[in-house]
Amino acid sequence: MEEVKLLGAWPSPFSYRVIWALQLKGVSYEYVEEDLSNKSELLQRSNPVYKKIPVLIHRGKAIAESSVILEYIEETWPHKPLLPKDPHQRAFARFWIKFAEDTGLTFYGLIHKVGAKQEEATQEAKQVLKTIEEQALGEKKFFGGDTIGLPDLAFGWLTVWLQVMEEAVGVKLLEADSFPRLQAWTLNFKEVPGIKQSFPDCELLLAHFKRLRTMFVAEANA
């Protein structure tokens, strides 16, 4: 049996992207939880440039960065494809994966910022959600059509992490009246076999975000 090991951290949506991909493919793997305040020698050796999770180790070789890992998984285990065959559709999928990467920090501004800057971040985040719903998702069940794919995994953090973040901060973004198609997508995503049992504990995640929020507010007011 070939070795597949995933170094991750439970609050990280980037770790879960990889978990979801492996489980959708039916790939057996060993999960290793990393303490990011005391990073293991294995993590530092496996990702010497960034020293960040997630890292996938396959047959003794390490692959870092979640979007790169997703592509590696798709190419290494091509059964149950998560990218379409058509070149244009594949490019479309990769565009939105990149968009998810580029805009993710916009939402974390809700946690990091206070006052007028937080309100600005809130409006920016709503505009990003509007773009995702209108330009990426459209009228489709999933971002690629009727079946789940890599763009869904890239945006998968919207299903739980964003909702918990909203509660921690006291701001509502993903309202059903404003984003009905994204709301429907989150429900569809959570019901996919291989995904629906693979989310962090919401209470623990809420406590995690509240700790971060308290820390950043204290720094802003210092």
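Just so it is clear, the values below take in all heavy atoms, side chains as well, and ignore hydrogens, waters and symmetry mates.
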Provide the closest heavy-atom pair for K140 versus L137 in the form atom of the first, atom of the second, distance.
NZ-O, 2.9 Å

Is V68 reachable from L22 through a run of hydrophobic residues whose side-chain heavy atoms are each under 4.5 Å from the next?
yes

Are L206 and L110 connected in a single hydrophobic cluster, I mean Ile/Leu/Val/Met/Phe/Trp/Tyr linked by side-chain heavy atoms less than 4.5 Å apart?
yes

Between F155 and W185, is the ring centroid distance below 6.0 Å?
no

Are any of the side-chain heavy atoms of V160 and C202 separated by less than 4.5 Å?
yes

Does a side chain donor of either Q23 or Y29 reach within less than 3.5 Å of an acceptor in the other side chain?
yes

Ring pair (Phe, Tyr, Trp, His ring centres under 6.0 Å) for F14 and W157? Distances and angles first, verdict last.
CA-CA 8 Å; F14 301 103; W157 76 276; 8.7 Å; no

So Q123 and E119, side-chain hydrogen bond (donor to acceptor under 3.5 Å, both in side chains) or not? Walk me through it.
CA-CA 6 Å; Q123 295 308 313; E119 176 57 31; 2.7 Å; yes

Side chains of F99 and T131: closer than 4.5 Å at any heavy-atom pair?
yes

Considering only heavy atoms from C-beta outward, does the side chain of F209 approach that of L205 to under 4.5 Å?
yes

When you look at NZ of K52, are more than 12 heavy atoms from neighbouring residues, nucleotides or ligands closer to it than 6.0 Å?
no

Derivation and outcome, salt bridge (charged side-chain N to carboxylate O under 4.0 Å, His left out), residues K25 and E75
CA-CA 11 Å; K25 295 281 190 178; E75 293 175 0; over 6 Å; no

Validation row, ring centre H58 to ring centre W77 under 6.0 Å:
yes

In one Ile/Leu/Val/Met/Phe/Trp/Tyr side-chain cluster, 4.5 Å: Y31, V55:
no

If we check side-chain contact (heavy atoms from CB on, under 4.5 Å) with L24, which of these qualifies: L150, I19, L82, I73?
L82

If you define the side chain from C-beta out and look only at heavy atoms, does anything of P180 sit under 4.5 Å from E133?
yes

T186 side chain to Q183 main-chain N or O, any donor-acceptor pair under 3.5 Å?
yes

W10 versus D201, side-chain donor and acceptor atoms under 3.5 Å:
no

Return yes when atom NE2 of H79 has more than 12 non-hydrogen atoms of other residues, nucleotides or ligands closer than 6.0 Å, and no otherwise.
yes

Show your reasoning for whether side-chain contact (heavy atoms from CB on, under 4.5 Å) applies to Y50 and E65.
CA-CA 9 Å; Y50 295 117; E65 294 294 300; 3.7 Å; yes

Which atom of W20 lies closest to which atom of G194, heavy atoms considered
CD1-O, 4.4 Å

Distance from E33 atom CD to L6 atom CG, nearest 0.5 Å?
9.5 Å

Could you tell me whether K130 atom NZ has more than 12 heavy atoms of other residues or ligands within 6.0 Å of it?
no

Just do the salt bridge (charged side-chain N to carboxylate O under 4.0 Å, His left out) check on R59 and E3 with the steps written out, would you?
CA-CA 5 Å; R59 296 175 177 170; E3 177 204 31; over 6 Å; no

Which value, rounded to the nearest 0.5 Å, describes the distance between L56 atom CG and S15 atom OG?
11.0 Å

Is there a side-chain contact between I132 and F179, using heavy atoms and a 4.5 Å cut-off?
no

Given 3.5 Å as the limit, does a donor-acceptor pair link the side chain of Q44 with the main chain of K51, or not?
no

Taking the side chain as every heavy atom from C-beta outward, state whether L42 and K5 have any pair of such atoms under 4.5 Å apart.
yes

When rounded to the nearest 0.5 angstrom, what is the spacing between OG1 in T122 and NZ in K113?
9.5 Å

Would a distance-only check, ignoring hydrogens and angles, find a side-chain to backbone donor-acceptor pair under 3.5 Å from N221 to V217?
yes

If two hydrophobic side chains count as joined below 4.5 Å and joins carry through other members, does V4 share a cluster with L7?
no

Are the aromatic ring centres of W161 and Y16 under 6.0 angstrom apart?
yes

Is the count of non-hydrogen atoms from other residues, nucleotides or ligands lying under 6.0 Å from E203 atom CD greater than 12?
no

Measuring from M215:CE to H112:NE2, what's the distance to the nearest 0.5 Å?
7.0 Å

Please lay out, stage by stage, how D102 and K98 fare under the test salt bridge (charged side-chain N to carboxylate O under 4.0 Å, His left out).
CA-CA 6 Å; D102 292 344; K98 180 67 163 55; 2.8 Å; yes

Considering residues at least two apart in sequence or located in another chain, which fulfil the salt bridge (charged side-chain N to carboxylate O under 4.0 Å, His left out) criterion with E41?
R45

Rounded to the nearest 0.5 Å, the CG atom of L129 sits from the CG atom of L162 at a distance of 6.5 Å

Closest contact, heavy atoms only, I69 versus P54:
CD1-O, 3.6 Å

Kindly give the heavy-atom pair with the smallest separation between K85 and R90, and that separation in Å.
O-CD, 3.6 Å

Quiz question: by atom type and distance under 3.5 Å, do the side chains of E74 and Y72 form a donor-acceptor pair?
no

Nearest heavy-atom contact between A154 and R17 is O-NH2, 3.2 Å

Whether the side chain of D146 engages the backbone of F142 through a donor-acceptor N/O pair (distance < 3.5 Å, no angle test) should be reported.
no

Output, in order, the C-alpha distance, side-chain angles, deciding distance and verdict of salt bridge (charged side-chain N to carboxylate O under 4.0 Å, His left out) for R94 and E71.
CA-CA 10 Å; R94 289 185 172 113; E71 291 268 3; 2.8 Å; yes

Can any side-chain N or O of R213 pair as donor or acceptor with the backbone N or O of I111 at less than 3.5 Å?
yes

How about P81 and L83: do any of their side-chain heavy atoms sit closer than 4.5 Å?
no

Answer yes or no: is there an ion pair linking K39 with E34, defined by an N-O contact shorter than 4.0 Å?
no

L174 CG to T159 OG1 distance, which is reported to the nearest 0.5 Å:
10.0 Å

Would you name the heavy atoms of L173 and E166 that are closest together and state the gap between them?
N-OE2, 2.8 Å

When hydrophobic residues are tied together by side-chain contacts of less than 4.5 Å, even through go-betweens, does I53 share a cluster with Y108?
no

So do L153 and F189 actually touch side chain to side chain, heavy atoms under 4.5 Å?
yes

